[in-house]
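Note sheet for the following structure.
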Amino acid sequence: MLAARQDIKAQLKASLKEALFALGLAEVPEVVVQETPPDKGGDYGTPVAMSLARTLRKAPPQIAAELLQHIVLPPWVRRAFVVGGYLNFELEPAFLLENALAPLPPFSPKEGKVLLEHTSVNPNKELHVGHLRNICLGDALARILRFVGYQVEVMNYIDDTGRQAAESLFALEYFGLKSPDPSVKYDHWVGEAYVRLHRAMADSEQRAQIEAGVQATLHRLEAGELRDQVDRILRAQLLTMYRLGAEYDALVWESDIVREGLLQEAMRALEATPYVFRPSEGKYAGALVMDTSPFIPGLEDPYLVLIRSNGTSTYTAKDIALQFWKMGLLEGLRFHRYDTQPSGAPLYSTCPEGEPMPFGGAQETINVVDARQSHALRVVQASLEVRGRRDLAERCFHLAYETVLLEGQQMSGRKGITVSVDEVLDEAVRRVRAVIAEKNPDHPSPEEAAEQIGVGAVRFAMLKTEARKQIDFRYEQALSLEGDTGPYIQYAYARAGSILRKAEEMGLLGERPDLTQATPYEVALAKVLLRFGEVVQEAARARAPHILAQYLLDLAAAWNGFYNAKTPEGKPATPVLTAPPGLRGVRLELVSALRQTLRQGLGLLGLKAPEVM
RNA sequence: GCACCCGUAGCUCAGUGGAUAGAGCGUUCGCCUCCGGAGCGAAAGGCCACAGGUUCGAGUCCUGUCGGGUGCGCCA
């Protein structure tokens with residue numbers, strides 16, 4: 001059993017702090033330890049001397065030199081030296097390698113539960129590429145948070161009493177569509193009717209009739225009469241979500257929030273506060289409104305309608321009730337087992353005939369919702385403050401992502417200017433299948449690999465960019481298999497696996513590594529590998545999966561660089577299988593550790609790691 | 001009008017206040033009698049939108065300006 005990996009930077013920081021203390025500093029500043037640029041010598045370094053120049057009234061190089069005199073370094077530091085104002089450390093290569101080969105110690109479990117909501121697609125139409133980003137972000141973040149020790153509950157909100165669902169269901173009725181086309185996926189089939197209805201609404205004569213029908217359908221939805229019909233659409237949508245690799249713990253239906261009395265209870269609680277009231281005159285006469293001005297300054301009109309003067313509740317009111325439930329201010333939802341997901345994990349759903357289950361009541365919430373809803377979510381957050389729970393308001397996080405353009409154009413679900421997720425995935429897989437047929441005609445399982453790589457390409461394209469940047473979905477870019485892509489990383493993984501399989505056939509796997517033979521090539525790769533733990537923690541802290549995605553590109557590139565390294569004479573510099581015995585052992589273990597890390601990293605982004613491509 | 005987000009190479013994007021700003025795509029030139037060329041190496045390509053400020057040090061923090069996106073309904 002190998003010892004667990006040590007945190008090199010943390011240990012260097014600790015040594016530096018001791019040394020600063022020994023210099024007689026009253027206050028020890030924040031110490032930064034970073035990797036050195038390739039041509040500066042050493043492996044890690046610190047600029048801390050520069051930040052002390054003013055307080056100590058000395059030149060940075062002098063401070064660095066004094067630090068060097070006082071510092072007690074771990075035995076694995078071979079050399080420490082001053083460069084300009086920096087103090088750099090050169091590590092024993094054998095130690096760096098040994099550390100990179102050691103397993104990452106497990107993260108300690110975090111207190112409390114995080115409730116993460118994502119997907120929450122209207123159950124009225126097939127998923128389009130705008131939804132893709134939400135699902136990929138939410139699912140990857142859930143995986144990352146779990147990995148670093150959080151207890152995460154993933155929830156998908158089903159807006160079954162919304163106008164969109166009503167329009168779709170009424171469209172079927174309006175156009176007399178009774179038997180679905182068996183060759184068309186059900187959510188697509190319903191979606192066509194929805195788009196057709198919106199075209200019909202352009203006609204003013206039909207519009208009045210349609211509006212009346214939609215209103216009637218809304219009432220039936222609220223009464224729960226059409227649940228089976230919504231359910232059928234939802235189940236078709238779920239197939240797409242599963243295909244993307246997303247899974248959930250619980251579905252929460254909007255109608256259940258209402259039916260189980262959570263909405264009423266939330267409104268009662270709010271009405272008991274001075275910020276929620278019913279004006280008897282003016283613009284909002286007869287409605288129940290919330291004054292958000294103490295919590296959201298600078299609004300022209302800080303009043304938010306919760307219950308309309310006609311007695312119906314707004315979407316935001318239901319959202320507030322949901323948020324109260326998420327954070328344990330309300331209880332009463334009942335659940336039943338709804339589905340078995342592809343991984344085998346059960347999926348639960350709210351349902352009036354169900355049983356109470358320990359969902360909700362989280363200490364922290366994350367809502368993955370597009371940036372256009374920032375104001376709405378700010379209002380929901382304010383409602384917690386209205387309830388006097390500022391502590392809870394501070395622990396709601398809105399993961400706001402910018403919208404996805406389609407080939408430079410704004411999409412529109414109503415007008416049907418979208419590309420469906422199913423279509424994108426099919427096309428991606430088709431392209432990969434063609435590449436496999438060309439490059440690896442003897443592939444043992446081409447269909448499975450094509451699926452993993454095609455879906456991986458799409459997922460990675462959604463994850464590699466920071467969430468708050470608008471992205472333009474372009475087929476050629478999102479489905480590319482070369483460059484900064486998921487398949488690039490998957491390829492690096494498959495290639496590492498291929499070498500290890502050969503090594504096994506040759507009976508080399510048990511070979512003892514001789515760490516003293518490590519060359520700068522191995523050290524360079526080991527250093528990138530060593531960043532993994534820190535990167536995952538940062539991705540979790542910042543709630544930013546792209547940090548991990550970018551790192552995996554770095555890691556795959558470092559591995560490809562190692563793999564292709566040549567001597568000045570143009571000969572392969574880093575053969576694994578034909579290296580001298582002790583060095584071969586080092587390389588085999590390094591490739592094995594690298595492969596393991598790529599697999600883990602891909603898994604955290606929700607990408608599969610194919611053994612053969 | 002007010003508020004939030006974004007301006008980094010021709011294009012798409014990385015870049016915890018720290019060393020000479022990095023990738024991919026595209027362009028040009030190389031690399032398979034080495035373990036997978038979905039790969040690698042090299043060249044070219046930058047007033048980090050602009051102007052001030054804070055700091056020993058700013059692409060990164062602050063203020064302003066200009067450009068782009070979005071939000072501010074008894075719609076959802």
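The analysis underlying the following values was restricted to heavy atoms, covering all of them including side chains, and did not include hydrogens, waters or symmetry mates. Reminder, nothing fancy here: chain letters follow the sequence lines and each chain counts from 1.
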Is [X] touching bases, backbone alone, or none of the nucleic acid, heavy atoms closer than 4.0 Å?
| X | answer |
| --- | --- |
| A:Gly84 | nothing |
| A:Val612 | base |
| A:Thr403 | nothing |
| A:Lys566 | base |
| A:Tyr488 | sugar-phosphate |
| A:Ser309 | base |
| A:Val32 | base |
| A:Thr574 | base |
| A:Asp370 | nothing |
| A:Glu476 | nothing |
| A:Ser51 | base |
| A:Asn88 | base |
| A:Ile436 | base |

Residues two or more places apart in sequence or in another chain: which of them pass side-chain hydrogen bond (donor to acceptor under 3.5 Å, both in side chains) with [X]?
| X | value |
| --- | --- |
| A:Glu167 | A:Arg163, A:His198 |
| A:Glu505 | none |
| A:Lys439 | none |
| A:Tyr284 | A:Asp301 |

Taking only the [atom1] atom of each, what is the distance from [N] to [M] in whole angstrom?
| N | M | atom1 | result |
| --- | --- | --- | --- |
| B:rA58 | B:rA49 | P | 15 Å |
| B:rA9 | B:rA44 | C1' | 11 Å |
| B:rU60 | B:rG18 | P | 11 Å |
| B:rU16 | B:rC11 | C1' | 28 Å |
| B:rA21 | B:rG15 | C1' | 8 Å |
| B:rG59 | B:rC48 | P | 8 Å |

Exercise. How would you list, by chain and number, every residue that makes a salt bridge (charged side-chain N to carboxylate O under 4.0 Å, His left out) with A:Arg433, sequence neighbours excluded?
Worked result: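 Partners of A:Arg433 under the salt bridge (charged side-chain N to carboxylate O under 4.0 Å, His left out) test: A:Glu447.
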
Exercise. Heavy-atom contacts under 4.0 Å between residues 537-548 of chain A and RNA chain B, which residues?
Worked result: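 RNA chain B contact set from residues 537-548 of chain A: A:His546.
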
Problem set entry | Start and end of chain A contact along RNA chain B [non-hydrogen atoms, under 4.0 Å] |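 Contacts span B:rG1 to B:rA76, reading 5' to 3'.
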
So which pairs with a foot in [range] pass side-chain hydrogen bond (donor to acceptor under 3.5 Å, both in side chains), sequence neighbours left out?
| range | value |
| --- | --- |
| residues 30-51 of chain A | A:Asp43-A:Lys527 |
| residues 551-563 of chain A | A:Tyr488-A:Asn560, A:Arg495-A:Asn560, A:Arg531-A:Asp554 |
| residues 536-547 of chain A | A:Glu364-A:Arg543, A:Glu538-A:Arg541 |

Problem set entry | Base-pair map of RNA chain B as dot-bracket, where | denotes pairing with a different strand and pairs are Watson-Crick or G-U under 3.5 Å | (((((((..((((....[...)))).(((((.......))))).....(((((..]....))))))))))))....

Identify all side-chain donor-acceptor contacts of residues 450-457 of chain A below 3.5 Å with residues at least two apart in sequence or on another chain.
unit_1   : atom_1 : unit_2   : atom_2 : d
A:Glu451 : OE1    : A:Arg243 : NH2    : 3.2
A:Glu451 : OE2    : A:Arg243 : NE     : 2.8

Exercise. Does a sphere of radius 6.0 Å around NZ in A:Lys318 hold more than 12 heavy atoms from other residues, nucleotides or ligands, not counting ones at 6.0 Å or beyond?
Worked result: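 More than 12 within 6.0 Å, yes.
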
For this session: Answer yes or no: does atom CD of A:Glu504 have more than 12 heavy-atom neighbours from other residues, nucleotides or ligands under 6.0 Å?
Result: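 Atom CD in A:Glu504 is not crowded, with 12 or fewer foreign heavy atoms closer than 6.0 Å.
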
Exercise. Would you call B:rC4 syn or anti, using the 90° rule around 0?
Worked result: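 Base orientation: anti.
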
